[in-house]
Amino acid sequence: MAFSFGARHGILASKSWLFHALQGTLSPHIIAIQRSAEIQALRSSSHSNTDSQHNEEYCIDLVRKRDYDGFVCSLLFPEVSRRSSLALRAFNVELAQVKDSVSQKTIGLMRMQFWKTAIEEIYRDDAPLQPVSTELCKAVRQHHLTKRWLLRIITEREKDMEDRAYRNLQELEAYSENTQSSLLYLLLESLGVKNVHADHAASHIGKAQGIVTCLRAVPYNSSRRKVYLPMDVCMLHGASQEDFIRGSREQNVRDVIYDIASQAHIHLEHARSFSKNVPASAAPAFLQTVVLEDYLQKVRRADFDVFHPSLRNRNPLLAFQLYLRSWKKTY
């Protein structure tokens with residue numbers, strides 16, 4: 001799907017200047033000054049449009065590389081909301097990758113503080129000259145996005161810099177609500193949807209997404225000798241962190257995955273219970289459920305072996321499935 005960019009140069013010619021120039025009422029010196037000023041204005045306008053195009057392309061590229069599923073979902077948003085959707089997802093990616101991209105927690109906290117300050121400046125209409133923050137500022141202006149959701153995502157990501165396992169499943173759900181569900185609330189706002197049933201559905205879908213994201217990351221995190229799965233579920237089945245670090249495929253490890261995946265499935269079922277009361281215009285924000293269902297089906301077919309090779313492959317029909325789902329209200 002191609003993106004088109006256009007530039008308007010409405011300030012190229014001043015009607016008053018043109019009228020006076022034709023009437024000969026301006027001196028050559030004044031005409032030269034005004035001509036110079038208008039050329040400068042044109043250059044400034046062209047530069048501004050070039051920057052705008054660069055910022056949008058930066059966000060598109062970032063989301064495509066770091067959140068491909070979200071990228072495909074955004075392409076199916078209405079045109080009026082698509083650019084804002086990509087800006088919000090780029091913002092989410094920027095925060096999500098801080099934890100793994102810094103060598104020291106202090107540096108990570110500094111980057112989180114940058115984004116806290118950036119949000120405050122965006123709402124003062126003075127966004128930092130950074131591609132994502134600039135695009136986010138446009139989304140905030142266009143859709144009147146709620147600042148609380150943006151700050152809540154940052155605050156929760158900042159707390160996650162502690163780099164420890166979740167103590168229990170409820171803690172993972174709370175993290176997912178504050179990050180993934182908050183993002184969904186913002187996406188609903190970009191679609192112009194204000195509906196309590198849509199919000200309830202978004203809450204459950206966000207929790208399911210956070211849980212599935214945690215499961216999908218197990219092989220990668222284990223290769224780095226890190227385990228973030230809820231400790232209460234691991235203890236219930238006698239599975240140690242070392243079991244996951246070794247890539248164990250024993251039954252107790254599978255039982256841990258089964259319990260956690262089941263909770264994600266329950267949240268999706270709860271979300272569906274609201275579908276009759278959710279406006280059709282909210283459907284694009286919930287396209288991610290296709291991705292969640294696809295992973296849960298794969299992990300079930302793999303008998304909840306989270307290290308199974310089949311779970312590493314991207315679904316080649318994902319874009320087509322998302323396209324078909326975008327025509328339906330159900331999720």
Side-chain angles (χ1 to χ4, degrees), residues 61-73 89-105 107-108 111-112 153 156-167 169 171-173 175-176 178-180 183 206-231 233-234 237 239-250 252-264 288 290-316 318:
D61 193 51
L62 179 64
V63 178
R64 182 171 52 230
K65 288 180 179 178
R66 301 292 184 176
D67 179 18
Y68 182 77
D69 298 338
F71 168 72
V72 177
C73 289
R89 293 188 188 279
F91 166 71
N92 189 54
V93 169
E94 285 276 4
L95 296 176
Q97 64 185 7
V98 169
K99 185 175 179 179
D100 291 333
S101 63
V102 297
S103 57
Q104 298 178 16
K105 178 184 172 182
I107 299 174
R111 289 178 63 176
M112 292 298 180
I153 295 173
E156 195 64 27
R157 295 284 190 186
E158 186 178 48
K159 286 161 54 178
D160 194 48
M161 294 294 294
E162 294 296 332
D163 200 31
R164 60 174 178 79
Y166 299 102
R167 288 173 292 188
L169 194 51
E171 191 171 85
L172 172 56
E173 289 175 319
Y175 173 78
S176 303
N178 291 332
T179 54
Q180 302 296 346
L183 176 61
K207 288 173 184 174
Q209 186 168 347
I211 292 171
V212 168
T213 300
C214 183
L215 291 176
R216 292 176 71 174
V218 168
Y220 170 73
N221 289 328
S222 296
S223 69
R224 299 167 62 241
R225 300 192 62 80
K226 295 181 181 294
V227 180
Y228 299 112
L229 295 171
M231 291 187 288
V233 182
C234 294
H237 297 289
S240 66
Q241 289 195 347
E242 192 60 34
D243 289 332
F244 288 96
I245 290 171
R246 289 189 294 104
S248 172
R249 303 166 86 168
E250 297 298 323
N252 62 335
V253 171
R254 294 172 188 242
D255 289 341
V256 170
I257 303 304
Y258 171 82
D259 282 0
I260 298 174
S262 296
Q263 190 64 18
Q288 200 82 11
V290 177
V291 179
L292 306 181
E293 290 167 349
D294 179 67
Y295 178 82
L296 292 175
Q297 288 173 4
K298 281 183 178 179
V299 78
R300 185 172 64 247
R301 287 196 295 266
D303 194 22
F304 301 96
D305 174 11
V306 77
F307 296 102
H308 197 280
S310 64
L311 299 180
R312 302 172 194 162
N313 301 326
R314 180 179 290 165
N315 180 3
L318 176 62

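Numbers for residues simply follow the sequence, beginning at 1.
In terms of the salt bridge (charged side-chain N to carboxylate O under 4.0 Å, His left out) criterion, Arg111 has no residue partners (sequence neighbours excluded). By the salt bridge (charged side-chain N to carboxylate O under 4.0 Å, His left out) test, Arg157 pairs with no residue at all, sequence neighbours left out.
Considering all non-hydrogen atoms of both residues, Ile211 and Ala264 come closest at CG2-CB, 3.8 Å. A pairwise comparison of heavy atoms in Val299 and Ala261 identifies CG1-CB, 4.5 Å as the closest pair. Residue Gly206 comes nearest to Ser176 through the heavy atom pair O-CB, 3.7 Å, listed as atom of the first residue, atom of the second, then distance. Across every non-hydrogen atom of Val227 and Ala165, the tightest pair is O-CB, 3.5 Å.
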Would you list the atom pairs, donor with acceptor, under 3.5 Å between side chains in residues 306-313 and any protein atom, with sequence neighbours excluded?
| residue | atom | partner | partner atom | Å |
| --- | --- | --- | --- | --- |
| His308 | ND1 | Ser310 | N | 3.1 |
| His308 | ND1 | Ser310 | OG | 2.8 |

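Looking only at distances, no side-chain donor or acceptor of Asp259 sits under 3.5 Å from a matching main-chain atom of Val256. No donor-acceptor pair closer than 3.5 Å links the side chain of Arg167 to the backbone N or O of Met231.
Considering CD of Gln97 and CG of Asp67, their distance stands at 11.0 Å, rounded to 0.5 Å. In this structure, CZ on Phe304 lies 8.5 Å from CG on Leu296, to the nearest 0.5 angstrom. Considering CD1 of Ile153 and CE of Met112, their distance stands at 11.0 Å, rounded to 0.5 Å. Remark: Asn178 CG to Leu183 CG distance equals 12.5 Å, nearest 0.5 Å. The distance from atom CZ of Arg301 to atom NZ of Lys298, rounded to the nearest 0.5 Å, is 7.5 Å. Separation of atoms CD (Gln180) and CD (Gln209) is listed at 4.0 Å; rounding is to 0.5 Å.
Between Arg89 and Glu94 there is no salt bridge, since none of the side-chain N atoms of the basic residue sits less than 4.0 Å from a carboxylate O of the acidic one. Ion pairing of Lys226 with Asp100 is absent here, as no side-chain N (NZ or NE/NH1/NH2) approaches a carboxylate O to less than 4.0 Å.
When the shell of 6.0 Å around CD of Gln297 is examined, it contains more than 12 heavy atoms from other residues, nucleotides or ligands. Within a 6.0 Å sphere centred on OH of Tyr258, other residues, nucleotides and ligands contribute 12 heavy atoms or fewer. A 6.0 Å sphere centred on CZ of Arg224 holds more than 12 heavy atoms belonging to other residues, nucleotides or ligands.
In this structure, Ile260 and Leu229 have side chains that are in contact, with non-hydrogen atoms separated by less than 4.5 Å. Val291 has its side chain out of reach of Tyr295: every pair of non-hydrogen atoms, C-beta onward, lies at least 4.5 Å apart. For the pair Ile107/Val98, no side-chain contact is recorded, criterion being any heavy-atom separation below 4.5 Å from C-beta on. Cys214 has its side chain out of reach of Tyr175: every pair of non-hydrogen atoms, C-beta onward, lies at least 4.5 Å apart.
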Check your understanding: Which is it for Asp163 and Tyr228 under the side chain to side chain contact (heavy atoms under 4.5 Å, CB included) test, yes or no, and what are the steps along the way?
Key -> CA-CA 8 Å; Asp163 200 31; Tyr228 299 112; 2.3 Å; yes
Exercise for review: Determine, stepwise, if the pair Asp160 / Lys99 fulfils salt bridge (charged side-chain N to carboxylate O under 4.0 Å, His left out).
Suggested key: CA-CA 8 Å; Asp160 194 48; Lys99 185 175 179 179; 3.2 Å; yes
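Shown are Asp255, Asp303, Asp243, Asp305; of these, the salt bridge (Lys or Arg N to Asp or Glu O under 4.0 Å) with Arg249 is made only by Asp305.
Donor-acceptor pairing under 3.5 Å is recorded for the side chains of Gln263 and Glu173.
Within the cation-pi definition used here (under 6.0 Å to the ring centroid, within 45° of the axis), Arg64 qualifies as a partner of Phe71.
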